[in-house]
Structure formats: C-alpha cells, structure tokens
Amino acid sequence: MKKGAVDYSWIMFFIVIIVLPVLYFRMTTQVETTKQAIGEDQAILLASTYAKEDIINYLEKAAQLELPTILKEAPLNSSPEKFNEAFNKHLNPYIKAFNVRSFTKIPENNYEVYIEGKNIHAISILPIKKNIAKPPTELTSLGTMWFAPSFTITTT
Amino acid sequence: MITPSKNKKGQFWLLSYIIVICIIAILLIFFYIWVREDVSVASRNQAEIITAELEYRTFFSELIHAHGINIAHKDDGDVEDILEKYATNYATIPKGGYDASCHTEGIDKKCLLEITIYNAASTIWTATFFTGLGPYTAPAYILMKLTSLDILKTTSQEAYLPIKGGKAMKFTLDVSVEAV
C-alpha cells in the first residue's frame, strides 16, 4: 500500500466531510421553500378548470332564471326554431352583462336547444376562449383554454 | 525486498485506507437517508397543499352551483345562513365552528366565512394514527390538516352570478380557517 494512496483517501474523507453538510444545507433550504404555499402561477392553473365551470354555472343559472319567461313565449311543444330563438333572446342580456364585467367573453346567440322530455339541452355552437392569466388585470397570460359552455336544465 | 517492518507499515496504511472508505460509505448512507426523508416530507406537503387548494375550489364551485341563485337574490343575512349551513354540511369537521358575514357593494356581494377548528392537532393525530381518514370526510380532514401545516389559511375566490333582469353580480368569498 503506497502512502500517496492513503493520503489521497484522507483528502477525499475531508472533502466528503465538508461537501455533505453543504449539500444537506442546500437541499433542506430548497425543501423549506417547497413547504410554502404553491406559487401564484400554479394556483391560477389549478383554478382554471373551476373558472370554466363557474362560467358554465353562470349561463345555466341565467337560463334557469329565464326559463318561465322562455316557456311562456315558446312552450316546449312549439317549433324548435321558435324555442331556440326565445332561448337565445332571453339569455343574451345575461351574456352581455357578463361580457361587460369579465375579461372572458361569451358569444351571443350561441345555443342550439335540444329538448328531451323535461330536459333542455343547450348545446353551444362556438366555444369560449378563456385567457389563463393573473388577476386582476390579466395582463400576464399563462395560456389560453377553449371550452364549450353547453349545459342542461330541467323543467319542473 | 519486503522487510517485516515494511510489511507492518503497509498493513497499517491498508487498514487506515479501509477505515476511511468505510467512514465515507457510512456518511453517504446517512446523507441519503437524511435527504430522502426531507424530500418525501416536502413532496407530501406539496401534495397536501394542492389537494387543499382544489378542495377550496370544489367547495366554492359546488356552493355556487347549489345556491348561486339564492346567493344572488337573497339579502346578506340569508346568504350568511346559507354559507354557514353549507359549510357545516360540506366540511363536517368535528368540533368545528362556522361564522359567515356578508355585505353588499352595489350589486356585488362580498362574504367572509370563518371556520374555526377546536383541538385540530389532537384530532388529526388520532385520525391519522388509528384510522387513516377515520370517520371524517375528506374535506374535514384536509381542513384540519391545513391548520396543522400552517398553510393556505385564507383564500379568496370570486365568480359571477346572474341576477333576474339580465344583470351579472360578482360574488366574492373569503374563507379563513383557524385552529384554536
């Protein structure tokens, strides 16, 4: 066994002794940062699917609110064209009101209605383009998503 | 020629060499165990944060889906009742307190829902140690866990709700979770 090899191993030993705590310190500080709440971008991305649902919910609730008026104007047994027209006509003011306030825009006259028993299926023609961006200005965009705001409501 | 003294010296260096290698190996093993433990704790925390974030979103989304029209049309006092009852049934936290306060600004509504969890740490410990999720629902477990992790204690969410007559109101809900 040469003395040089042993010296080398002692040098290695001291290097390891120094490097391991440094590495551990770096690792733990990195880990500490992950214990914080998730970043703003990640939170926005996680919320995007729910934001989509909330918009569809808005349209669905608006249609529910207007259903008695729509049915008065165009009963379920009226022609599909007439029902379609009444449905879109009464939904449009809600869409306009939403568009004034939100960065996301919902297309008007966007529904083909299909009636199945007591269910009214509102099938959207055009999708909604939603910018996945940082509130409140939405100037920094993380991406775009498109979705069809179709929904079903039931007559009682 | 190798003399006995040289042989003895060689054996000493070889022994030292083996000892150094063993110490380095042991240090590396301990370091690995140390780091692996920390990384797995961090991963678990991250997963819990994401689950909690999604749970808050689900809570809000389901709330406006179930009670959107009432929230938009009823007065502040009634909306506070709706929020408290909904949170009680949704979260089902044992020893939980729910307090909502709302105010209207123009046509918009802003509400604060405060959820107080009593004895959260011991309840979580019991639930985790003995029964996994135990008798508690997932939202209850997550909310309790949140308070113990000291993260995401408040959150704010908003959505538009339709008001009869073709108007859109902004509904903002701040949820705060506190353990006492």
Side-chain angles (χ1 to χ4, degrees), chain A residues 1-3 5-17 19-21 23-24 27-28 30-38 42-43 46-47 49-51 53-66 69 90-102 104 135-136, chain B residues 9-21 23-25 27-28 30-31 34-35 38-39 41-43 45-46 49-50 52-54 56-58 60-62 64-65 68-69 71-73 107-108 149-153 155 157-171:
Chain A
M1 186 78 192
K2 283 188 178 173
K3 190 179 175 297
V6 177
D7 289 345
Y8 177 71
S9 68
W10 277 110
I11 291 165
M12 280 295 293
F13 174 73
F14 286 114
I15 289 172
V16 170
I17 291 286
V19 164
L20 286 186
L23 270 176
Y24 180 74
M27 285 290 291
T28 45
Q30 192 69 27
V31 164
E32 275 302 318
T33 59
T34 63
K35 283 178 187 167
Q36 307 299 314
I38 51 170
Q42 289 94 328
L46 280 175
T49 47
Y50 292 89
E53 290 303 318
D54 295 346
I55 293 171
I56 297 173
N57 180 63
Y58 174 86
L59 291 161
E60 186 186 320
K61 298 291 172 233
Q64 270 173 8
L65 280 175
E66 286 301 305
T69 322
H90 288 282
L91 205 57
N92 278 343
Y94 292 91
I95 294 174
K96 278 181 189 152
F98 181 93
N99 288 347
V100 167
R101 303 203 65 186
S102 172
T104 307
Chain B
K9 211 175 176 185
Q11 279 177 348
F12 169 75
W13 288 123
L14 181 66
L15 195 66
S16 310
Y17 187 74
I18 291 167
I19 288 168
V20 169
I21 295 294
I23 292 170
I24 291 173
L27 283 174
L28 285 171
F30 273 106
F31 179 70
W34 226 355
V35 168
D38 250 25
V39 169
V41 166
S43 310
N45 284 349
Q46 279 287 22
I49 293 165
I50 291 168
E53 179 80 29
L54 292 177
Y56 272 134
R57 303 280 164 196
T58 307
F60 182 74
S61 237
E62 288 185 7
I64 60 168
H65 193 259
I69 290 177
I71 289 169
H73 292 86
I107 61 165
D108 296 341
L149 283 173
D150 203 28
I151 47 165
L152 270 180
K153 283 179 149 184
T155 183
Q157 291 173 88
E158 57 183 42
Y160 290 102
L161 296 171
I163 300 180
K164 194 139 182 70
K167 291 178 192 156
M169 69 161 266
K170 189 190 271 184
F171 171 58

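Remember, predicted model here, so these are calculated numbers, not experimental data. Here is the naming used below: chain letters follow the sequence lines, and residue numbers restart at 1 for every chain.
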A.B. asks: Let me confirm one number: the OH-CG distance from Tyr94(A) to Leu161(B), rounded to the nearest 0.5 Å.
C.D. replies: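 Result: 12.0 Å between the selected atoms.
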
A.B. asks: What's the spacing between Leu65(A) CG and Ile69(B) CD1 if we round to 0.5 Å?
C.D. replies: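 CD1 of Ile69(B) is found 4.0 Å from CG of Leu65(A).
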
A.B. asks: Measure distances from Ser102(A) to the heavy atoms of chain B and classify the residue's part below 4.5 Å as side chain, backbone, both or neither.
C.D. replies: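 For Ser102(A), heavy atoms of backbone and side chain both lie under 4.5 Å from chain B.
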
A.B. asks: Please flag which part of Ile107(B) lies under 4.5 Å from any non-hydrogen atom of chain A: side chain, backbone, both or neither.
C.D. replies: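 Interface part for Ile107(B): side chain.
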
A.B. asks: Which atom names give the shortest non-hydrogen contact between Ala168(B) and Ala97(A), and what distance separates them?
C.D. replies: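 Taking Ala168(B) first and Ala97(A) second, the nearest heavy atoms are N-CB, 3.7 Å.
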
A.B. asks: With chain A, which of Leu28(B), Leu27(B), Ile64(B), Ile23(B) has the greatest number of heavy-atom pairs at distances under 4.5 Å?
C.D. replies: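 Most heavy-atom pairs within the cutoff with chain A belong to Ile64(B).
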
A.B. asks: Does the gap between the ring centers of Tyr58(A) and Tyr160(B) come in under 6.0 Å?
C.D. replies: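 Centroid separation for Tyr58(A) and Tyr160(B): 6.0 Å or greater.
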
A.B. asks: Let me confirm one number: the CD-CD distance from Glu62(B) to Glu53(A), rounded to the nearest 0.5 Å.
C.D. replies: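 Between Glu62(B) CD and Glu53(A) CD, I get 10.5 Å after rounding to 0.5 Å.
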
A.B. asks: Counting only non-hydrogen atoms closer than 4.5 Å, does Phe60(B) touch chain A with its backbone (N, CA, C, O), its side chain (CB onward), both, or neither?
C.D. replies: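 Answer is side chain: those atoms of Phe60(B) sit under 4.5 Å from chain A.
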
A.B. asks: Please determine whether a side-chain nitrogen of the Lys or Arg among Arg57(B) and Asp54(A) lies less than 4.0 Å from a carboxylate oxygen of the Asp or Glu.
C.D. replies: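 Judged by the 4.0 Å cut-off on N to carboxylate O distance, Arg57(B) and Asp54(A) do not form a salt bridge.
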
A.B. asks: May I ask you to name which of Lys170(B), Lys164(B), Gln157(B) has the most heavy-atom pairs under 4.5 Å with chain A?
C.D. replies: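 With the most close heavy-atom pairs to chain A, the winner is Lys164(B).
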
A.B. asks: Does Lys61(A) use its side chain to pair, donor to acceptor, with the backbone of His65(B) at less than 3.5 Å?
C.D. replies: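 Checked: pair present.
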
